[in-house]
Amino acid sequence: MKLIVKDNTADLGKEAGRQAAQIIRAAIKNNGFANIILATGTSQFEVLKQLTQEDVDWKQVTMFHLDEYIGLPESSPASFRKYLKERFIQKAEGLKQIHLINGENNPAKECLRLNEIIRDIRIDVALLGIGENGHLGFNDPPADFETEEAFIVVNLDEKCRRQQLGEGWFRQIDDVPRQAITMSVKQIMKSKQIICSVPDSRKAQAVKDCFENPVSNWFPGSILQEHPHCICFLDKLSSALLEKNLHDQL
Ligand code: GLP
C-alpha cells in the first residue's frame, strides 16, 4: 500500500479520479472491458466528479455497489443508490452493466443474488473510503476478515451511525438504519487495484489507527496495508496525526 498526501480535498479527489480513470482505460485496452466497485459517502464527492469528467468508454464498464442501508427507500436523501445514480450513473452514460444493492429487498436473498453475480468477476479497481471508525464499506469494527461470502448483512455501530448523522444525511439518530448490506472485506481485497480516498480532519485518528498499527479487524481499513496494489490518498488534515511526512510522494 502506498500513502499519498495532497494539499486539500479537491486535489485529493482530482488525483484519485485521474488514477482510477487510468486503471479503467488500461483494463479496457487490455481486456476489452473493466469492472469497478464504487463506494459512496462524502469522501467520494470529488473523486466521482473527476472520474465522470475523464475520457472513458463507459459502454465497456460494469459497476458494482459497495454498500447500502437495509430498508431505506431510494427516495431518502441518504440512499446510496440515489447517490450513485445522481453522481455517477447519470454522468457515465451507457454503462455496460450496473449492479446496485437494493436494501429494500429481502436482505439474505439480495446478498445471494449479488454473490451469484460477482462470483466469477475479476474487479479491476475498487474506489473506497474509510469511516471515522476505520470501517471499510460498512464493515464496522470488529470486522469479519474471514467470511468468504461476497456480500453480507452487518449491524452498524454507534460511531458509524453518528457519522452519517453528522454528515447531514439524516435528521436524527433514530432515522439512521441499524443494518446494512456490505461487500465483505475478503471480496474487497480481491480487487486487482484499490484507490482509497480519505480527506478531512474527522478521519485523522482513523488514518493513524489504520496505517500506523498492525493489521487488525478493530481497525478494518488496516487490511489495506496487505493489498499489493493499493494507493490511499490523504489530505493535510486527515494525515495530521501520522508520524511520517508523506506529502506528495507519487
Ligand atoms: C460510508 C459508506 C462507504 C464509505 C465509507 C466512508 O458511510 N457507506 O461507502 O466508503 O462509509 O464514508 P465517508 O466517505 O462518508 O467518510
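Start at 1 and go down the list; that is how both ligands and their atoms are numbered.
Residue pairs meeting the ring pair (Phe, Tyr, Trp, His ring centres under 6.0 Å) criterion with at least one member in residues 169-192, sequence neighbours excluded: Y69-F170.
Listed by number with element, the atoms of ligand 1 under 4.0 angstrom from any heavy atom of Q163 are 12 (O), 13 (P), 15 (O), 16 (O). If you number the atoms of ligand 1 from 1 as listed, the ones under 4.0 Å from a heavy atom of F138 come out as 7 (O), 8 (N). Within ligand 1, the atoms closer than 4.0 Å to a non-hydrogen atom of G41 are 13 (P), 14 (O), 15 (O), numbered from 1 in the order shown. Contact atoms of ligand 1 toward L66: 9 (O) (distance under 4.0 Å to a heavy atom of the residue).
Taking CD of Q44 as the reference point, atom CG of L66 lies at 9.0 Å (rounded to 0.5 Å). Within the model, atoms CG of D235 and CD1 of I4 stand 13.5 Å from one another, a figure rounded to the nearest 0.5 Å.
For atom 10 (O) of ligand 1, the nearest protein heavy atom (residue, atom name, distance) is G129 N, 3.4 Å. For atom 14 (O) of ligand 1, the nearest non-hydrogen atom of the protein is S43 OG, 2.5 Å. In this structure, atom 16 (O) of ligand 1 lies nearest to the protein heavy atom K203 NZ, 2.4 Å. Ranking protein heavy atoms by distance to atom 9 (O) of ligand 1, first place goes to D67 OD1, 2.9 Å. The nearest heavy-atom contact from the protein to atom 4 (C) of ligand 1 is T40 O, 3.8 Å.
Tested against F88 for a ring pair (Phe, Tyr, Trp, His ring centres under 6.0 Å), the candidates W58, Y83, F45 yield a single pass: W58.
Summarising the contacts of atom 6 (C) of ligand 1 with E167, Q164, H135, the nearest heavy atom is found in H135.
Below 30°, between 30° and 60°, or above 60°: for F80 and F138 the angle between ring planes is between 30° and 60°, a tilted geometry.
Checked by distance only, ligand 1 and R202 stay at 3.5 Å or farther apart across all their nitrogen or oxygen atoms.
Partners of F211 according to the ring-ring contact (aromatic ring centres under 6.0 Å, His included) rule, which considers only residues two or more places apart in sequence or in another chain, do not exist here.
A salt bridge links R81 with E104: the closest approach of a Lys/Arg side-chain nitrogen to an acidic carboxylate oxygen falls below 4.0 angstrom. Contact check on E149 versus K186 returns no salt bridge, with no Lys/Arg side-chain nitrogen under 4.0 Å from an Asp/Glu carboxylate oxygen.
Residue-level proximity to ligand 1 for T42 is carried by backbone and side chain together, each with a heavy atom below 4.0 angstrom.
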